[in-house]
Amino acid sequence: MTRKQEGEAGGPRRKTEIFTATLDMLGSLGYDSLTIEGVAQRSGVNKTTIYRWWSSKSELLRDALLHSHMLRFDLPDTGSLRGDLTELAERVQDLLDDEHRRTIVEAALVGAVRHQAMRELVVSFLDDRFGRHQPVFERAMARGDLPRDADPAPLVDAMAGALWMRVLVRRGDVADTYTRDLVDMLMDGARRSATRSGRPAR
């Protein structure tokens with residue numbers, strides 16, 4: 001049986017179950033104890049099917065991180081950079097407020113500290129998410145909220161880093177005032193950058 005006969009071109013028929021089982025195991029057991037055999041048992045999919053598509057747990061975990069619905073959210077389009085950043089912060093907060101998804105993120109970060117392969121997976125995941133966020137900043141540049149030569153990476157890193165530190169390390173709640181203060185600081189930096197280019201950020 002070929003891959004195409006086994007399922008669609010993008011993966012086996014039950015890839016949703018496989019990805020869910022993979023991330024569940026990562027969150028509950030950690031990277032060290034994650035195995036394709038365990039994913040097969042948890043997902044109810046034959047391990048030979050999984051090995052046909054993914055030759056190692058790192059390959060499987062990479063696709064699970066990138067394509068599972070559990071770590072995905074829609075991008076905002078509020079009409080201003082401030083509004084979009086606020087919405088993004090709230091959506092990241094919602095993701096981390098969910099205990100199950102938070103344990104997955106924590107396990108991924110812990111694994112990234114201990115294992116080169118897991119670190120590469122996390123970097124690949126973050127790069128993918130940054131690419132998906134690009135429309136927010138492209139619209140901001142088109143409106144004049146940001147200079148056209150602005151690098152949005154520091155904005156993304158600062159916002160995500162602050163929220164992750166607050167929730168994952170400090171174990172604190174992310175109140176509306178915290179989100180507002182965070183966005184105000186980010187906008188202050190964006191405003192100074194945009195003013196230097198001749199048009200203030202909104």
Side-chain angles (χ1 to χ4, degrees), residues 14-36 38-44 54 57-76 78 83-134 136 152-186:
R14 299 184 61 192
K15 66 179 178 180
T16 298
E17 290 92 333
I18 294 170
F19 289 165
T20 298
T22 301
L23 295 182
D24 285 349
M25 286 195 70
L26 175 67
S28 61
L29 301 177
Y31 180 77
D32 289 328
S33 298
L34 174 65
T35 64
I36 287 182
V39 171
Q41 182 176 12
R42 187 173 293 214
S43 66
W54 300 280
K57 73 176 183 181
S58 292
E59 290 183 6
L60 173 57
L61 184 53
R62 178 185 182 278
D63 280 359
L65 287 168
L66 292 180
H67 303 301
S68 173
H69 68 279
M70 282 196 287
L71 301 179
R72 185 184 306 160
F73 52 78
D74 295 329
L75 289 182
T78 65
D84 286 349
L85 289 178
T86 300
E87 287 287 327
L88 277 174
E90 290 174 353
R91 291 175 192 189
V92 172
Q93 175 190 342
D94 289 342
L95 186 151
L96 296 177
D97 280 346
D98 181 274
E99 183 177 357
H100 179 58
R101 291 187 291 178
R102 186 172 64 246
T103 60
I104 293 171
V105 173
E106 289 176 332
L109 295 177
V110 169
V113 172
R114 299 177 57 189
H115 302 283
Q116 175 66 27
M118 190 68 222
R119 182 159 57 251
E120 292 173 358
L121 292 174
V122 170
V123 170
S124 178
F125 172 78
L126 294 175
D127 287 345
D128 174 80
R129 288 305 183 267
F130 179 71
R132 296 184 187 212
H133 293 160
Q134 280 299 102
V136 167
L155 277 174
V156 175
D157 289 350
M159 183 171 67
L163 291 170
W164 289 15
M165 175 65 74
R166 180 79 170 188
V167 176
L168 300 180
V169 178
R170 295 185 182 278
R171 296 295 184 183
D173 294 330
V174 182
D176 290 342
T177 53
Y178 181 85
T179 301
R180 185 172 62 249
D181 290 345
L182 174 60
V183 172
D184 283 345
M185 286 188 289
L186 294 175

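Just so you know, these numbers use all the heavy atoms, side chains as well, and skip hydrogens, waters and symmetry mates.
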Do [X] and [Y] have side-chain heavy atoms sitting under 4.5 Å apart?
| X | Y | answer |
| --- | --- | --- |
| Leu126 | Asp157 | no |
| Arg62 | Val122 | no |
| Met159 | Leu186 | yes |
| Leu65 | Phe19 | no |
| Asp127 | Val123 | yes |
| Leu34 | Leu29 | no |
| Leu23 | Leu61 | yes |
| Leu182 | Leu163 | yes |

Geometric cation-pi criterion Arg166 and Tyr178, 6.0 Å radius, 45° cone:
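That pair qualifies as a cation-pi contact.
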If I compare all heavy atoms of [X] with all of [Y], which pair ends up nearest, and what's the gap?
| X | Y | answer |
| --- | --- | --- |
| Leu66 | Ser124 | CD2-O, 4.0 Å |
| Val167 | Arg102 | CG1-CD, 3.8 Å |
| Val136 | Pro76 | CG2-O, 4.0 Å |
| Arg91 | Leu75 | NH1-C, 3.3 Å |
| Thr103 | His100 | OG1-O, 2.6 Å |
| Phe130 | Ala153 | CE1-CA, 3.6 Å |

Tell me, yes or no, whether the heavy-atom count around [X] atom [atom1], taken from other residues, nucleotides or ligands under 6.0 Å, exceeds 12.
| X | atom1 | answer |
| --- | --- | --- |
| Gln116 | CD | yes |
| Arg72 | CZ | yes |
| Gln41 | CD | no |

Does the side chain to side chain contact (heavy atoms under 4.5 Å, CB included) test come out yes or no for Leu88 and His133, once each step is laid out?
CA-CA 9 Å; Leu88 277 174; His133 293 160; 4.3 Å; yes
Pair Arg42, Ser28 - check side chain to side chain contact (heavy atoms under 4.5 Å, CB included), show working.
CA-CA 12 Å; Arg42 187 173 293 214; Ser28 61; 3.9 Å; yes
Test side chain to side chain contact (heavy atoms under 4.5 Å, CB included) applied to Arg129 and Leu71, step by step:
CA-CA 10 Å; Arg129 288 305 183 267; Leu71 301 179; 4.2 Å; yes
Atom [atom1] of [X] and atom [atom2] of [Y]: how far apart are they, to the nearest 0.5 Å?
| X | Y | atom1 | atom2 | value |
| --- | --- | --- | --- | --- |
| Ile18 | His67 | CD1 | NE2 | 13.0 Å |
| Leu60 | Thr22 | CG | OG1 | 3.5 Å |
| Lys57 | Met25 | NZ | CE | 9.0 Å |
| Thr179 | Leu85 | OG1 | CG | 11.5 Å |
| Leu96 | Trp164 | CG | CH2 | 7.5 Å |

Cationic N near anionic O, under 4.0 Å, Arg14 to Glu17:
yes
Ion pair Arg114/Asp32, N-O distance below 4.0 Å:
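Looking at Arg114 and Asp32, the cut-off is met.
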Check the angle between the aromatic planes of His115 and Tyr31 and answer parallel, tilted or perpendicular using the 30° and 60° thresholds.
tilted
Any donor-acceptor pair under 3.5 Å linking the side chain of Thr78 with the backbone of Asp84?
yes
Going through the checks in order, is the side chain to side chain contact (heavy atoms under 4.5 Å, CB included) test met by Val105 and Leu95?
CA-CA 9 Å; Val105 173; Leu95 186 151; 4.0 Å; yes
